[in-house]
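Here is the naming used below: chain letters follow the sequence lines, and residue numbers restart at 1 for every chain. Predicted model, so just to flag it, every value in this text is computed and none were measured. These numbers come from the heavy atoms of this one structure, side chains and all, not from hydrogens, waters or symmetry mates.
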There are 2 protein chains.
Amino acid sequence: MPTAELSYQEAKELLIQAWGTLGSHWGINKTMAQIHALLLISPESLTTEQIMEELHISRGNANMNIRALMDWGLIHKTHKPGDRKEYFSSEKDMWEITRQIARERRKRELQPVIKVLGQVENIKDDRTAHTKELKQVTKELKFLVGKADSFLNMVTGFDQSRFFNFLLRLKK
Amino acid sequence: MPTAELSYQEAKELLIQAWGTLGSHWGINKTMAQIHALLLISPESLTTEQIMEELHISRGNANMNIRALMDWGLIHKTHKPGDRKEYFSSEKDMWEITRQIARERRKRELQPVIKVLGQVENIKDDRTAHTKELKQVTKELKFLVGKADSFLNMVTGFDQSRFFNFLLRLKK
DNA sequence: TTTTATTTTCAGAAATGTTTGAAAATTAGA
DNA sequence: TCTAATTTTCAAACATTTCTGAAAATAAAA
């Protein structure tokens with residue numbers, strides 16, 4: 001059975017929904033991801049009003065999630081001459097978006113955990129099996145989370161062409 | 001100020017809490033992460049009863065999250081001779097845990113999104129700017145998510161030393 | 001300055017996710 | 001088979017997160 005061609009509207013809703021679901025697996029709430037998807041596929045920048053209408057959400061909700069997206073560095077505020085409203089637009093370069101997400105997740109998730117693991121590693125050794133196991137597990141956990149941190153740090157340092165080389169080598 | 005040495009109990013609680021926080025950024029609920037942490041640092045396998053007592057949770061809650069952890073392939077059921085109860089133990093090899101998580105997240109998160117992006121890509125081209133933008137963004141998104149999928153697939157296929165050697169080569 | 005457009009805040013409402021506990025189902029041994 | 005130990009289910013209670021909408025704050029124009 002061949003896949004039916006989707007209309008623009010159907011495709012747009014599917015994409016916004018899919019991006020929302022993926023986002024919610026990544027500690028980003030659904031609305032935040034949906035606003036991001038909407039701005040990502042919009043050729044022009046949009047006002048809060050337009051975002052509210054398009055996604056059927058309240059002003060407060062729109063405002064809050066727009067600010068969160070700006071905190072993540074994924075969207076930006078712009079102005080139009082002779083217009084008092086604020087317009088929002090997404091960074092469109094997919095690699096830049098990837099780098100920005102890598103940068104924020106390192107800072108928000110990995111680094112706090114690495115700090116805690118460092119403390120736990122410092123436990124007083126009373127030579128019991130339980131303490132031994134806790135120390136061993138913590139050491140291995142810290143090693144692995146540390147590697148993930150280095151990897152994301154590397155991503156933020158790479159430019160696009162180095163990234164493409166990296167992808168090529170991934171092929172096998 | 002030098003960091004004070006933690007007691008076993010303090011360290012254990014810190015670790016369980018840290019693992020829970022990291023887990024919650026990964027679509028895993030608090031109790032599920034706590035049970036996993038508890039089994040990870042426990043030298044012996046534990047019964048449902050012991051897990052309930054240790055974490056102060058109900059039988060239903062324990063049962064449900066134990067099953068979820070088994071679905072993820074992170075813990076296993078064992079039996080002791082002459083004992084009717086089920087005992088649970090965590091996979092201890094940290095690299096094996098990483099591979100298992102990579103395998104599941106590919107299946108649960110990336111592959112469904114890739115499928116949707118394939119559908120959206122198939123949109124009827126009406127030559128408007130909006131359609132053009134949607135197609136372009138979808139194509140780039142699919143490329144990127146596809147690469148993330150290949151990367152996780154590689155993790156599941158490599159052994160630890162091979163994987164870290166691979167990452168080392170990327171450094172420069 | 002005053003008026004008007006726009007953005008931000010936040011208390012309560014709604015929605016979603018988690019936990020409980022007791023009853024039902026299952027399983028193994030007698 | 002029957003009995004007793006153990007596991008599973010699930011409706012209702014509880015907790016947490018997200019969303020709303022109207023009021024307050026801000027900023028630009030008159």
- Task: Taking the six-membered ring of B/Tyr87 (Phe, Tyr or Trp), confirm whether the NZ or CZ of B/Lys80 is under 6.0 Å from its centre and within 45° of its axis.
- Result: yes
- Query: Quick one: is the NZ or CZ of B/Lys77 closer than 6.0 Å to the six-membered ring centre of B/Phe88, and within 45° of its axis?
  - Reply: no
- Item | DNA chain D: 5'-proximal contact among B/Gly60 and B/Lys85 (nearest heavy atom) | B/Lys85
- Task: Have a look at B/His56 and say if it touches a base, only the backbone sugar-phosphate, or nothing, with a 4.0 Å heavy-atom cut-off.
- Result: sugar-phosphate
- Query: In whole angstroms, how far is the C1' atom of D/dT18 from the CD atom of A/Gln34?
  - Reply: 12 Å
- Message: Can you see whether A/Trp72 has A/Arg103 sitting over its ring - NZ or CZ less than 6.0 Å from the centre and within 45° of the normal?
- Response: no
- Task: Provide, to the nearest angstrom, the distance between the CZ atom belonging to B/Phe88 and the P atom belonging to D/dT7.
- Result: 7 Å
- Query: Could A/Glu121 and A/Lys142 be called an ion pair, given the rule that one side-chain N must be under 4.0 Å from one carboxylate O?
  - Reply: yes
- B/Arg84 side chain, from C-beta outward: closest of D/dT7, D/dA4, C/dT4: D/dA4
- Message: Any side-chain N or O of B/Asn61 below 4.0 angstrom from OP1/OP2 of C/dT18?
- Response: no
- Task: Measure the distance from CD1 on B/Ile57 to P on D/dT7 and round it to the nearest whole Å.
- Result: 14 Å
- Message: Pick the closest DNA chain D nucleotide for A/Thr31 and for A/Gly82 by heavy atoms, then say which residue is nearer the 5' end.
- Response: A/Thr31
- Message: Which nucleotide wins on minimum distance to the side chain of B/Met64, given the candidates C/dT8, C/dT19, C/dT6?
- Response: C/dT19
- Item | Between C1' of D/dC19 and CG of A/Asn29, the distance in whole Å | 10 Å
- Query: Is the side chain of A/Thr47 donor-acceptor paired with the backbone N or O of A/Gln50 at a distance under 3.5 Å, no angle test?
  - Reply: yes
- Task: Would you please confirm or rule out a distance under 4.0 Å between OP1 or OP2 of C/dT9 and any side-chain N or O of A/Arg67?
- Result: yes
- Once you round it to whole Å, what is the distance between P of C/dT7 and CD of A/Gln50? 11 Å
- Find the distance B/Glu49:CD to D/dT7:C1' and express it as a whole number of Å. 11 Å
- With respect to the phosphate group of C/dT8, does any side-chain polar atom (N or O) of A/Asn63 fall under 4.0 Å of OP1 or OP2? yes
- Query: Between C/dT7, C/dT18, D/dT8, which nucleotide gets closest to the side-chain atoms of A/Thr48?
  - Reply: C/dT7
- Query: Once you round it to whole Å, what is the distance between P of C/dT6 and NZ of A/Lys80?
  - Reply: 14 Å
- Message: Using whole Å, what does the distance between atom C1' of nucleotide C/dG29 and atom NE2 of B/His79 come to?
- Response: 15 Å
- Note on the structure: Of D/dT8, D/dC19, C/dT19, the nucleotide closest to the side chain of A/Ser58 is D/dC19
